[in-house]
Q: 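Quick one: the structure is below, and I'll ask about it shortly.
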Amino acid sequence: MSKIVIDGRELDVSPDLTLLQACEQAGAEIPRFCFHERLSVAGNCRMCLVEVKGGPPKPTASCAMAVKDLRPGPAGEPPVVLTNSPMVRKARAGVMEFLLVNHPLDCPICDQGGECDLQDQAMGYGIDASRYGENKRAVEDKYIGALVKTSMNRCIHCTRCVRFSTEVAGVAELGAIGRGEDMEITTYLERAMTSELQGNLVDLCPVGALTAKPGAFKARPWELTKTDGVDVMDALGSAIRIDTRGRETVRILPRLDEAVNEEWISDKARHVVDGLRTQRLDRPYVRKDGRLAPASWAQAFAAIAAKAKGLAPARIGAIAGDLCATEEMFALKALMDLLGSPNLDCRQDGSKLHPKFGRASYLFNSTVAGIDRADAIMVVGSNPRREAPVLNARIRRRWLRGDLLAGVVGPQADLTWAYNYLGAGPESLARFVDHPPPAKAAPMLIFGAGAFARPDGEAILAMAARAATSLGVVKDGWNGFNVLHCAASRVGGFDVGFVPGEGGLDAPSMAKAGALDLLFNLGADEIDVALGAFVVYVGTHGDRGAHRADVILPGAAYVEKTGTYVNTEGRPRFAERAAFPPGDAREDWAILRALSDAIGAKLPYDTPAALRAAMRAAHPHLGAVDAVTPADGAAIVALAAAGGAPSSAPFASAVDEYHLTNPIARASATMAECAALARAPQRFAAE
Amino acid sequence: MAVRRLAENQPESFAFTPENAAWCATQIAKYPSGRQASAVIPLLWRAQAQNAYWLPRAAIEAVAGMLAMPYIRVLEIATFYSMFNLAPVGRAHVQLCGTTPCMLRGANGLRSALVERIGPAGSTTPDGALSWVEVECLGACCNAPMVQINDDYYEDLTPASLGGLLDDLAAGRAVKKGSQTGRTSSEPEPGKGTTLTDPALYDGSRVGAWRKRFEEAEAKAAEAAAAAANDKAK
């Protein structure tokens, strides 16, 4: 620790801190544009100037000067930093004046207005009027993709976007061409960016040069209601903030959560918003003469009750989809228990993971933050860049730090970090079944959901456990056996036991022709249900599940209900309701409650709070919101004893088209445009 | 310098000749593994030399491919340096230095001459012989004003001597490189010999005069010390 005096206050700080960080610890506010905690230091905006005694005799850019670079005074006095002296104020005003020389005065038509660093800091640190009479420079706007709109006149050349795309996203697409006054930020020949994290550029840009293209000119930040939510586009459960105006969800932004998503979210999480408005089911439907006809709730329930009457429990089944909250699955499971049916499943992809193998067998046991501690990572049957882009960025950051042994078994893709490619199929994983453990303290195995979503999934799981045992990834204080799910509801479903009971059918069996007479489909849109069964679809969008349904009960999307989502680490997260479901649609728990009444198996929950309390009573760890309850690693060792020989089919990622993985995303025009760009990445803007 | 963009009409492809490819390999080999990108400027320079002194898009992509760099990183470099021409140039490509020392010595006159002879900055004569741009300091200030034509400097210019030079280059005649007034590099002009002819420079009255003050002060101090010692002895 070294002593430093900041604005007359002496404090002890780590010598590795920059002056800017030290000043923040001292409670002094330092304005900045180019500096960002998670990016490399550029030091080019000069806004963070401070006066230093013990350093160069001029205003110093505090972001680029470390505490250890300062020298003590002649009698050994600690270095002195002044953040509010007349010299500093004058220097900042001068920098601000230069920044504004070429910045247009278009705040009234700028989407950044109200949340603009330049606006705020010009108020705080600038001078009152312009002394500059010359013409401002004019820069052509660039096309850089479907999600980020550019207004390049406003750019102040902080290069945060260039550093983000190169360092965090790992796809070096943005750059600064030209020099001096003619410097311009662009992609190569204005090609669309390909990163799955490009939406974060909009948050990073301190001015209005990069703004969100979807939803441009639609809202001002101060007229939005902000609600804390949880992202369900992937199983990471990123912390999000849902901004609504009236009934409409306007945008989704990340919330800071160091343990999971830091301050990034993926493009799908951010820009799926327009999918919440289109293709919505806003009233019940009942199929009459082969066509779905609008109906009232009473008619819909009557149709279901008529069908359910006298059915044998074994002819009734339930499948839960990928976006369900845990409460709904708990309620639907309770309903199936009341009906006496063992046919229920939350694994519409046909995964062979099962809670009977122990909780450790289906969790990301190392936790996402554990990636920072890992020194060896092997990814099996997964493309983390598509399945969880924010998690992939974390792996990349770990890889950038160096000394990481990285390997991939399965699809060979550009993951933005370098790895040893070890093979495509289970035979490559078999090599590690009796392999001496690597000399590593914290090795990680990451299995994609796709690795187990195949007929021989149980054999793969046993082999994975054997490999984990022989490689020694499960040890005291470290469990390196990780499953990376793609479905936000999956771990919650496993935790409440939404899997086939004794003698029950799993999802692919239930979907077969003639398996069932009545199927409750709770938002499962990734499975084809064969003709025959009477399907009751509870969901939000006119997607595959609704097309097959005989009765549609319109439900609430994830921003329209309170609910618990358990992420791939097993971390329960609680989402508040930000908006209301459209039209006659209702929250899913209420639909299930009314449905249970209609078919004579009334659920004992009258409020969501009662349902949640019952769920937490049955599964106490779901009440520990935002905390990971570690699973017992012994389950992995026990699982290794199971046998089975996997087929030689190569592993495939569970996500084929990143932008189109769920009904909300498929309803989104923005996601459709992104998917089209992803299919033809070489297309040029002008062509 | 204006905003720089790639030329509109681009050749389909670019490939180094075998000799140049071999030369590029020697450049790349200079750098440790993982640091091949350091060779980007020599490679771009050689690509430009091979392609009539301008860099087509295909060459930028070829160099990026050879060095495993993202295209945008190579484009940044090609647009940053004015030594890389992004559009076809004349057989004699004039880069006029317009920075302060040259400007004070008459670069504005040269600019008028170039505008008259070739056209506005960035243009090429219809026969493809001459083109010109204005660049920042080329580091030959002691021979200002000057221009760079292709790989060579032409210094101590006047609008008239630049006009003659351009005529000769356009006609393919041999021209004299370097100073156009007969100076050898940045030595004094012919006939002037040395410029430091004032004898006062060498008699110690000016050069080294500062030392006299200190010598006198020292002598005075020594005298005073001696006097003090004498007083004590008495």
Side-chain angles (χ1 to χ4, degrees), chain A residues 42 44 102 135-145 150 152-153 155 157 159 161-167 169-195 198 201 399-400 402-403 414 416-418 681-682 684-687, chain B residues 1-14 32-38 40-41 44 55-87 95 97-100 121-122 133-138:
Chain A
N44 53 12
N102 274 318
N135 286 337
K136 299 192 179 226
R137 84 184 188 133
V139 187
E140 292 167 21
D141 290 344
K142 310 288 188 299
Y143 173 86
I144 59 172
T150 64
M152 284 310 185
N153 280 344
C155 179
H157 300 161
T159 68
C161 53
V162 177
R163 284 175 284 145
F164 175 82
S165 67
T166 308
E167 294 163 13
V171 196
E173 294 174 305
L174 280 172
I177 63 166
R179 69 182 185 201
E181 191 188 23
D182 298 314
M183 181 169 147
E184 294 176 272
I185 302 290
T186 182
T187 55
Y188 183 67
L189 305 179
E190 301 197 25
R191 284 181 190 178
M193 290 186 288
T194 58
S195 169
Q198 55 182 283
L201 293 174
W399 169 76
L400 277 177
D403 195 25
D414 175 9
T416 72
W417 42 278
Q682 294 306 310
F684 285 74
E687 285 167 4
Chain B
M1 208 173 73
V3 172
R4 285 153 58 86
R5 294 272 189 275
L6 297 186
E8 211 140 285
N9 295 316
Q10 291 280 346
E12 281 294 303
S13 62
F14 173 89
S33 78
R35 296 280 186 269
Q36 287 82 0
S38 305
V40 64
I41 289 178
L44 284 174
L55 267 181
R57 190 182 114 195
I60 289 173
E61 291 174 6
V63 169
M66 287 168 76
L67 302 175
M69 291 170 77
Y71 290 168
I72 182 72
R73 290 284 103 83
V74 185
L75 183 73
E76 282 177 330
I77 290 160
T79 54
F80 186 92
Y81 293 106
S82 58
M83 67 194 249
F84 296 120
N85 301 313
L86 303 178
Q95 299 179 59
C97 173
T99 306
T100 316
V133 291
E134 183 175 330
V135 298
E136 300 305 328
C137 185
L138 289 170

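Note on naming: letters A, B, ... go to the chains in the order of the sequence lines (proteins, then strands), and numbering restarts at 1 for each one. Computed over heavy atoms, backbone and side chain alike; hydrogens, waters and symmetry mates excluded.
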Q: So for atom CZ, which belongs to B:R5, do other residues, nucleotides or ligands contribute more than 12 heavy atoms lying within a distance under 6.0 Å?
A: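 Atom CZ in B:R5 is crowded, with more than 12 foreign heavy atoms closer than 6.0 Å.
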
Q: For A:T187, does its backbone N or O pair with a side-chain atom of A:E190 as donor and acceptor, under 3.5 Å?
A: no

Q: Contact part of B:L6 toward chain A, heavy-atom cut-off under 4.5 Å: side chain, backbone, both or neither?
A: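 B:L6 touches chain A through side-chain heavy atoms alone.
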
Q: The criterion is ring-ring contact (aromatic ring centres under 6.0 Å, His included); which residues satisfy it with A:W417, sequence neighbours excluded?
A: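 Testing A:W417 for ring-ring contact (aromatic ring centres under 6.0 Å, His included), a comparison that skips the adjacent residues, returns A:Y419.
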
Q: Under 4.5 Å from any heavy atom of chain B, what part of A:V171 do you find: side chain, backbone, both or neither?
A: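 Neither part; nothing is under 4.5 Å.
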
Q: Please list, chain by chain and in numerical order, all residues satisfying side-chain contact (heavy atoms from CB on, under 4.5 Å) with A:V139, sequence neighbours excluded.
A: A:R137, A:K142, A:M152, A:N153, A:E184

Q: Relative to chain B, which segment of A:T166 carries a heavy atom at a distance below 4.5 Å: side chain, backbone, both, or neither?
A: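 Side chain only.
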
